[in-house]
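The first residue of the sequence shown is numbered 1, and numbering continues consecutively from there.
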Amino acid sequence: QTDHHRHSQAIRQEEPSAMADSSSTSLAVPIQTTSWGSPVEDNQNSESAGPDGPLLLQDTHLIDKLAHFDRERIPERVVHAKGAGAHGYFEVTHSVSEFCKAKFLNKVGKVTPIFARFSTVGGEKGSADTARDPRGFAVKFYTEEGNYDMVGNNTPVFFIRDPSKFPDFIHTQKRSPQTNLPCPNMFWDFLSLTPESVHQVTILFSDRGTPASYRHMNGYSSHTFEWHNEAGAVHYVKYHFKTEAGIRNLTAAEAQRLAGTDPDHATRDLFQHLADGNVAAWRLYVQIMPEADARTYRWDPFDVTKVWPHTDYPLVPVGRMVLNRNPENYFAEVEQAAFSPGHLVPGIRASADKMLQGRLFSYPDTHRHRLGANYQTLPVNCPYAARAAHYHRDGDAVHDGNGGSAPNYEPNSFGGPAAPLTLKPETGPKVTGRVGRYRRNHPNSDFAQAGELFRRVLTEEQRSNLVANIVGHLSNARPEIQARQLTIFKRCDAEYGRRVEAGLKKAADQKKLHSKL
């Protein structure tokens with residue numbers, strides 16, 4: 001953050017008292033001004049030609065108000081549009097310096113300020129918090145080495161493993177291009193033709209598909225990342241944020257009721273919980289895989305549709321994340337918050353996970369579209385714990401001093417910032433091969449982990465809820481799409497497929513009965 005920016009913020013903080021006319025009222029109400037700082041003589045009556053005449057274009061205050069109002073809405077996020085956020089801190093509770101050299105993790109007891117945003121994924125900004133949908137779980141760490149963003153979900157896996165499929169997948173989660181309504185045929189047509197999705201589908205239609213609140217869900221990186229230590233050794237990691245409030249979920253009936261009575265309930269819950277003086281907290285753990293293991297591990301470690309069983313790589317405690325302060329202004333701090341999995345710090349690098357590689361471009365590109373090229377100078381996104389020094393200049397809405405009179409090119413001999421020659425570069429795994437479009441050729445199955453989840457992790461009650469939730473949605477798709485999806489469920493687990501099939505038959509019989517009435 002530049003000195004100019006800090007100075008501007010200080011001025012803004014002083015403005016109300018500095019501008020107040022203590023003689024006008026006993027409460028010292030600040031004098032209203034135009035956007036360019038001139039006092040407003042009358043904010044209730046527009047300037048006109050006589051008391052009953054037409055309004056005048058010369059009323060620059062009116063024109064400025066209307067023009068700004070017309071531009072108050074910025075493009076909403078294509079995904080993760082509806083969300084809530086809060087400020088807090090992250091504290092290291094266990095040393096992981098033997099695995100990672102990132103400075104914000106280098107000492108037990110070290111505290112780093114953070115901002116977190118939670119969201120639904122597929123819905124629009126006005127959609128219900130209760131939607132059966134993954135929840136975004138994004139954390140911005142304001143570290144001394146720059147901002148580090150952990151951009152994950154409340155599920156440890158995702159629907160697809162190649163970013164080429166992402167726009168198509170999201171289209172199916174949105175509205176039909178013909179009817180402008182959610183379409184079960186679109187939804188299940190894509191999934192039934194994408195078997196790798198079944199692990200996430202099973203989680204989505206389980207009880208965890210409708211969390212009771214943002215406080216009562218876990219967060220996961222889902223993707224695999226590289227950790228580098230001071231010696232240059234590489235380990236692969238997955239992040240797990242475990243809620244201290246415990247997991248709580250809504251039943252389908254509860255979610256439907258809340259969607260009608262309090263569609264913003266999760267947003268309200270988080271804000272009110274913090275406003276009442278409470279905190280929301282999570283414990284951070286990581287799974288750590290030595291670099292050499294990745295070549296022979298039974299599950300593809302870079303496939304985001306798979307998990308690493310804890311029996312193979314147990315959870316290692318790292319620290320505690322605490323949210324304790326609400327935003328002062330939702331738009332400035334939540335709507336303009338911009339996260340990217342490519343915002344990394346020394347010691348943490350992206351892995352070869354193809355979905356992650358695609359997100360490295362897509363996320364910041366979205367922010368450039370929504371917020372402009374200078375989005376990282378906005379206060380909520382500014383790396384204020386470090387000093388940003390680069391050669392980005394100009395562009396839409398410069399929020400800082402734009403580099404002042406310093407040179408805007410490199411190399412230069414006028415004292416501009418330069419990369420230190422003493423900084424040891426981090427090198428990832430050796431990569432070789434011909435350029436081409438390759439399908440994953442790892443021998444692991446797309447069905448086994450979903451089957452294990454159904455058989456061994458879910459209770460009987462949870463299995464019944466899963467089947468009922470799937471049937472309630474899939475029964476609205478065309479029969480041939482249902483048949484394709486049933487084949488996938490049966491490959492995961494015979495009972496899983498049989499129970500969904502029985503539920504679909506019962507639903508079809510009921511529809512026939514109702515059609516005769």
Side-chain angles (χ1 to χ4, degrees), residues 1-78 81-83 85 124-126 180 264 267 326-338 364-382 384 388 390-406 408:
Q1 190 174 26
T2 65
D3 292 334
H4 174 86
H5 196 170
R6 293 190 183 94
H7 182 58
S8 297
Q9 287 182 304
I11 290 174
R12 286 196 294 272
Q13 291 169 357
E14 293 170 2
E15 279 176 350
S17 58
M19 292 170 51
D21 182 359
S22 58
S23 64
S24 61
T25 69
S26 59
L27 297 177
V29 175
I31 293 174
Q32 182 180 359
T33 75
T34 63
S35 62
W36 55 93
S38 177
V40 173
E41 60 183 27
D42 186 342
N43 192 50
Q44 304 298 314
N45 300 288
S46 302
E47 195 170 330
S48 62
D52 300 315
L55 301 186
L56 303 181
L57 187 62
Q58 72 179 35
D59 187 351
T60 53
H61 175 54
L62 170 64
I63 299 303
D64 186 57
K65 284 186 69 175
L66 293 178
H68 188 279
F69 177 74
D70 293 343
R71 293 163 175 80
E72 282 185 357
R73 295 295 170 263
I74 62 175
E76 71 173 35
R77 293 167 170 88
V78 177
K82 174 76 179 292
E124 299 92 348
K125 192 179 176 188
N180 198 39
D264 302 315
T267 303
N326 279 316
E328 289 296 320
N329 184 277
Y330 180 89
F331 183 87
E333 299 168 64
V334 183
E335 187 65 14
Q336 292 192 132
D365 192 55
T366 292
H367 306 319
R368 295 182 192 106
H369 165 64
R370 296 181 62 245
L371 305 170
N374 294 300
Y375 73 92
Q376 296 201 80
T377 65
L378 290 165
V380 72
N381 301 321
C382 182
Y384 65 82
H390 50 70
Y391 294 93
H392 291 354
R393 296 292 187 273
D394 308 340
D396 181 55
V398 173
H399 307 287
D400 57 12
N402 200 36
S405 61
N408 60 356

[atom1]-[atom2] distance between [X] and [Y], expressed to the nearest 0.5 angstrom:
| X | Y | atom1 | atom2 | result |
| --- | --- | --- | --- | --- |
| Gln336 | Leu378 | CD | CG | 4.5 Å |
| Ile74 | His369 | CD1 | NE2 | 9.5 Å |
| Asn408 | His390 | CG | NE2 | 12.5 Å |
| Ile63 | His68 | CD1 | NE2 | 15.0 Å |
| Asn374 | Asn381 | CG | CG | 11.5 Å |

Discussion item. Tell me whether Glu328 at atom CD has more than 12 heavy atoms from other residues, nucleotides or ligands lying less than 6.0 Å away.
Written reply: no
Worksheet entry | Over 12 foreign heavy atoms within 6.0 Å of NE2, His392 | no
Is a side-chain N or O of [X] found less than 3.5 angstrom from the main chain of [Y], in a donor-acceptor match?
| X | Y | result |
| --- | --- | --- |
| Asp400 | Asn402 | yes |
| Asn329 | Ala332 | yes |
| Asp59 | Ser46 | no |
| Glu76 | Lys125 | yes |
| Arg370 | Pro75 | yes |

Item to complete: Verify whether one side chain among Asp64 and Ser35 offers a donor that lies under 3.5 Å from an acceptor in the other.
Response: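 Yes, a side-chain donor-acceptor pair sits under 3.5 Å.
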